[in-house]
Amino acid sequence: MNEVYLTGTIESISVLQITEKGNAHLMLQVRVSHRNREKKIKHELYTVNAWNTLAAWANHALKPGLSIVVRGYLTQRPADNGPHTEVTARYLIMTQPGSSVKEAQNLPES
């Protein structure tokens, strides 16, 4: 099973793009912070891809600085220096302190 959960802060959001096949695509950069064995805080940046209805919702509802939870799966794409691992989102959940939780799911097109 290939399932990933990330909790972090949105660093940047790309411009919503429509592919040649008519699919909406949005790319997010999500910063995740955690402590390592030496108890030092580490910051990691992950690329998260949202597609179709989830991409449209994210383009409308999300902005840099918001805290989110991502549920998705790992994907790889070729890059000059070897494969690049990214997360393809199935769910995006806003968790901004002091606000209600808002969730969007990547549903198939009808």
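Only heavy atoms go into these numbers, but all of them, side chains included; no hydrogens, no water, no symmetry mates.
Looking at every heavy atom in both residues, L66 comes nearest to M94 through CD1-SD, 3.7 Å. For the residue pair V32 and L6, the shortest heavy atom distance occurs at CG2-CD2, 4.3 Å. Considering all non-hydrogen atoms of both residues, S12 and P64 come closest at CA-CG, 4.3 Å. Of all heavy-atom pairs between L54 and Y91, the closest is CD2-N, 4.3 Å. Across every non-hydrogen atom of V48 and A89, the tightest pair is CG1-CB, 3.9 Å. Residues T9 and S67 approach most closely at OG1-OG, 4.2 Å, considering heavy atoms.
The side chain to side chain contact (heavy atoms under 4.5 Å, CB included) check on I18 picks up A24, with sequence neighbours excluded. Applying the side-chain hydrogen bond (donor to acceptor under 3.5 Å, both in side chains) rule to H25 yields the partners N49; only residues at least two apart in sequence or on another chain are considered.
Placement of Y73 and Y46 in two distinct hydrophobic clusters is found when ILVMFWY residues are connected by side-chain heavy-atom separations under 4.5 Å, directly or transitively. Taken together through direct or relayed side-chain contacts under 4.5 Å among Ile, Leu, Val, Met, Phe, Trp and Tyr, I13 and V87 form part of one hydrophobic cluster.
Put simply, NZ on K40 and CZ on R35 are 12.0 Å apart, with the number rounded to the nearest 0.5 Å. Note: N23 CG to W51 CH2 = 6.5 Å, rounded to the nearest 0.5 Å. I10 CD1 to L62 CG: the interatomic distance, rounded to the nearest 0.5 Å, is 4.0 Å. A distance of 6.0 Å separates CG in L16 from CG in L26, rounded to the nearest 0.5 Å. One distance of note links CZ of R31 with CD of E44; it measures 11.5 Å at 0.5 Å rounding. Atom CD1 of I68 sits about 8.0 Å away from atom OG1 of T95, to the nearest 0.5 Å.
Residues T75 and T85 fail the side-chain proximity criterion, which asks for heavy atoms closer than 4.5 Å. Taking 4.5 Å as the limit, every side-chain heavy atom of V70 sits out of range of all side-chain heavy atoms of L28. Side-chain contact between H34 and I41: absent, with no pair of heavy atoms (C-beta onward) separated by less than 4.5 Å.
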